[in-house]
Structure formats: structure tokens, C-alpha cells
Colleague: 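Next up is a structure, given as C-alpha cells.
Values reported hereafter were calculated over all heavy atoms of this structure, with side chains retained and with hydrogens, waters and symmetry mates removed.
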Amino acid sequence: MGVSIIDKGEIVRAALDILRVQGLDAVSTRKLAEVLKVRGPALYHHYKNKQELLGDMANAIVSVPVASIDPSLPWDAWSAAFAVAVRKAILPYPDGARLLIAAWPSNEMREQTIPRIEAPLIAAGFNPERSHEVTFLIASAVIGWMLNEQNPRIREFMEQRFDLEHAFVRAVETILDGIRSQMLEGRS
């Protein structure tokens, strides 16, 4: 392995490929160095530890669907679209939900992605604290659903009882109905 210059994007793409094919437990600096044909220290130029890499991987999964949703949608339509888009973004990665649980939010996630997620709520009159709560609730619901859906035995059990996509949309609507109800009661 010779000296090679790599950027963060290459590292994240390679890590996501490993995640997609081999799962979260296979994502390691040794495996990444092997895939990227570099020495391990080349990765530490960009990442001090695995946790930073996991954060960028999580942001890479979430940021694309967030950027693709029309920001002019009403907060609840935007939130529903966000939940559906993130679920679809997680699906190709059998351990995608586990990654999102394990990852600490990266700087990009904190400074760009989360503010984009909260923007429709702020625009609708939610105060910052409530927008944080609602965003976290919706993200937690998506990740929790996906933890179940990505467990093969639980997924099989779910599929025997209902259509996954339809039930997911209904679950998100139930959450949004609760938030709307609180708004009507003046508790938002």
C-alpha cells in the first residue's frame, strides 16, 4: 500500500459500502484502509476516532433526503415527507438504524442538517425548544421503527400482520395528529 491522498467523502462512501454489504460491526479503520488501499494513519488525518466517522456516515444517510424535500411545505407535510424519506434512505443499509443510534451528531449534522429539519417548524411558529422536541420525536420514531424493520425475525412478524410502508405512514400521521392536537389546545 502506497501513500495515497483521500478525502472525507471517499472515506464515508467506502464506510457506507461496508455498512451496506457487511453491516455496522464490519466498519473499522483496518477494513477501510484495506478497501481504500491506504495505510491506517491516512484515515486519522480526517478522523480522530471511529465515532467521528459514524457521525459523518449518519449525516450522509440523512442529509440527502432532508435536502430533497420542498422547504415551502407546511411543517406537518414536511415532517411526514422527512420521515418517509429517511426511512427509505435507511432501507439499503441493513444496520442503518443501528448506525443512527450509535452515531454522535457530526458538526455538519448539527450546523446544517438539523437546522434544515427544524426550519419548517420554526417557520410555522414553533419555538426553538419545541422544534427540537418534535424533530427528536419524529427522528426517534423513524429509527425505532427501522430497528424493528431491520431485524429479520421482527420484520417477518410485522409483514405477516400489515403492509410495512402503509403502517409506517399511518404511525407518522398518528404522531403528527398528536402534535396538531396539542397546537389546537395551545400546548405547542
Side-chain angles (χ1 to χ4, degrees), residues 1-69 81-114 116-117 136 138-169 171-172:
M1 289 186 205
V3 175
S4 177
I5 297 174
I6 56 174
D7 66 26
K8 282 180 124 177
E10 289 176 279
I11 296 169
V12 170
R13 283 188 296 278
L16 288 172
D17 284 344
I18 294 168
L19 175 70
R20 185 176 34 74
V21 175
Q22 298 175 34
L24 184 60
D25 296 333
V27 177
S28 68
T29 53
R30 191 184 96 235
K31 184 73 168 173
L32 276 168
E34 179 184 309
V35 167
L36 294 167
K37 297 178 177 39
V38 298
R39 296 185 191 277
L43 301 174
Y44 293 111
H45 173 74
H46 296 290
Y47 293 103
K48 290 182 257 177
N49 55 52
K50 184 176 177 179
Q51 192 59 44
E52 287 183 0
L53 173 62
L54 295 179
D56 279 351
M57 291 168 65
N59 191 63
I61 290 172
V62 172
S63 65
V64 173
V66 167
S68 70
I69 303 168
F82 163 69
V84 168
V86 170
R87 176 181 172 267
K88 286 181 182 173
I90 294 170
L91 279 172
Y93 304 97
D95 283 341
R98 279 187 56 219
L99 166 68
L100 292 176
I101 288 292
W104 186 251
S106 66
N107 287 337
E108 187 176 348
M109 176 79 79
R110 292 173 200 238
E111 295 168 8
Q112 296 176 22
T113 306
I114 292 172
R116 280 188 185 139
I117 295 168
F136 192 78
I138 294 168
S140 296
V142 173
I143 294 167
W145 182 280
M146 292 308 297
L147 284 169
N148 284 309
E149 190 172 343
Q150 292 186 321
N151 177 312
R153 294 186 76 199
I154 295 174
R155 180 185 176 100
E156 180 182 338
F157 181 79
M158 292 166 70
E159 288 175 331
Q160 292 170 357
R161 283 153 180 77
F162 49 79
D163 175 83
L164 293 178
E165 190 166 336
H166 179 72
F168 176 78
V169 170
V172 169

Colleague: Any side-chain to backbone donor/acceptor pair from Q150 onto Y93? Under 3.5 Å, distance only.
Modeller: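 Yes, because the side chain of Q150 sits within donor-acceptor range (under 3.5 Å) of the backbone of Y93.
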Colleague: Within the 3.5 Å criterion, strictly below it, is a donor on N59 or T113 matched to an acceptor on the partner's side chain?
Modeller: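 Per modelled atom types, N59 and T113 side chains form a pair under 3.5 Å.
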Colleague: Partners of D163 by salt bridge (charged side-chain N to carboxylate O under 4.0 Å, His left out), sequence neighbours excluded?
Modeller: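 Checked D163 against salt bridge (charged side-chain N to carboxylate O under 4.0 Å, His left out); zero matches.
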Colleague: To the nearest 0.5 angstrom, please state how far the CG atom of L16 sits from the CD1 atom of I61.
Modeller: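 Those atoms lie 5.0 Å apart.
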Colleague: For L53 and L43, what are the C-alpha separation, side-chain angles and deciding distance, and is it a side-chain contact (heavy atoms from CB on, under 4.5 Å)?
Modeller: CA-CA 10 Å; L53 173 62; L43 301 174; over 6 Å; no
Colleague: Tell me if a side-chain donor or acceptor on R116 pairs with a main-chain N or O of A67 at a distance below 3.5 Å.
Modeller: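 Side chain of R116 to backbone of A67, a donor-acceptor pair under 3.5 Å: no, none is there.
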Colleague: Check the angle between the aromatic planes of W145 and F168 and answer parallel, tilted or perpendicular using the 30° and 60° thresholds.
Modeller: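 Correct class here is perpendicular.
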Colleague: Looking at side-chain heavy atoms only, is the closest gap between M109 and W104 below 4.5 Å?
Modeller: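 A side-chain contact under 4.5 Å is absent here.
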Colleague: Distance to the ring centre below 6.0 angstrom and angle to the axis at most 45 degrees; does that hold for R161 and F157?
Modeller: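 Judged by the rule (NZ or CZ under 6.0 Å from the ring centre, within 45° of its axis), R161 counts as positioned above F157.
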Colleague: If you count heavy atoms of other groups shown closer than 6.0 angstrom to CZ of F162, is the number above 12?
Modeller: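 Yes, the 6.0 Å shell around CZ holds more than 12 heavy atoms from other groups.
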Colleague: Quick one: pull up CD in E108 and CG in D56 and give me the separation to the nearest 0.5 Å.
Modeller: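 Nearest 0.5 Å value for the CD-CG distance: 7.0 Å.
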Colleague: For the atom pair CG (D7) and NE2 (H45), what is the distance rounded to the nearest 0.5 Å?
Modeller: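 Rounded to the nearest 0.5 Å, the CG-NE2 separation comes out at 10.0 Å.
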Colleague: Under the 3.5 angstrom rule, does the side chain of N49 hit a backbone N or O of E52 as a donor-acceptor pair?
Modeller: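 Confirmed, N49 side chain pairs with E52 backbone.
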Colleague: Answer yes or no: is there a side-chain heavy-atom contact under 4.5 Å between V27 and L99?
Modeller: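 No, side chains not in contact.
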Colleague: Is E159 paired with R155 through a side-chain N to carboxylate O contact shorter than 4.0 Å?
Modeller: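 So R155 pairs with E159 through a salt bridge.
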Colleague: Does I11 reach the side chain of L32, with side-chain heavy atoms less than 4.5 Å apart?
Modeller: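 Contact flag for I11/L32 side chains = yes.
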Colleague: Atom CD of E165 and atom CZ of R87: how far apart are they, to the nearest 0.5 Å?
Modeller: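 It comes to 5.5 Å.
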Colleague: Who pairs with K88 by salt bridge (charged side-chain N to carboxylate O under 4.0 Å, His left out), at least two apart in sequence or on another chain?
Modeller: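 Counting only residues at least two positions away or on another chain, K88 forms no salt bridge (charged side-chain N to carboxylate O under 4.0 Å, His left out).
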Colleague: Distance from F136 atom CZ to I143 atom CD1, nearest 0.5 Å?
Modeller: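 Here the interatomic distance stands at 7.5 Å.
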Colleague: Give a yes or no on whether the backbone of R98 and the side-chain of D95 come within a donor-acceptor separation of less than 3.5 Å.
Modeller: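 It does not hold such a pair.
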Colleague: Picking from L100, L91, V86, what satisfies side-chain contact (heavy atoms from CB on, under 4.5 Å) with M146?
Modeller: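 Single pass found, and it is L91.
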Colleague: Write down the atom of V62, the atom of P65, and the distance for their closest heavy-atom approach.
Modeller: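 That closest heavy-atom pairing would be O-CD, 3.1 Å.
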Colleague: Donor-acceptor pair, Q22 side chain versus D17 backbone, under 3.5 Å?
Modeller: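 Looks like no, no N/O pair under 3.5 Å.
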Colleague: Could you pull out the closest heavy-atom pair between A85 and I69, with the gap in Å?
Modeller: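 A85 and I69 have their closest heavy atoms at CB-CD1, 4.3 Å.
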Colleague: Could you measure the distance from the CG atom of L19 to the CG atom of D25? Nearest 0.5 Å is fine.
Modeller: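 If I round to the nearest 0.5 Å, the distance is 10.0 Å.
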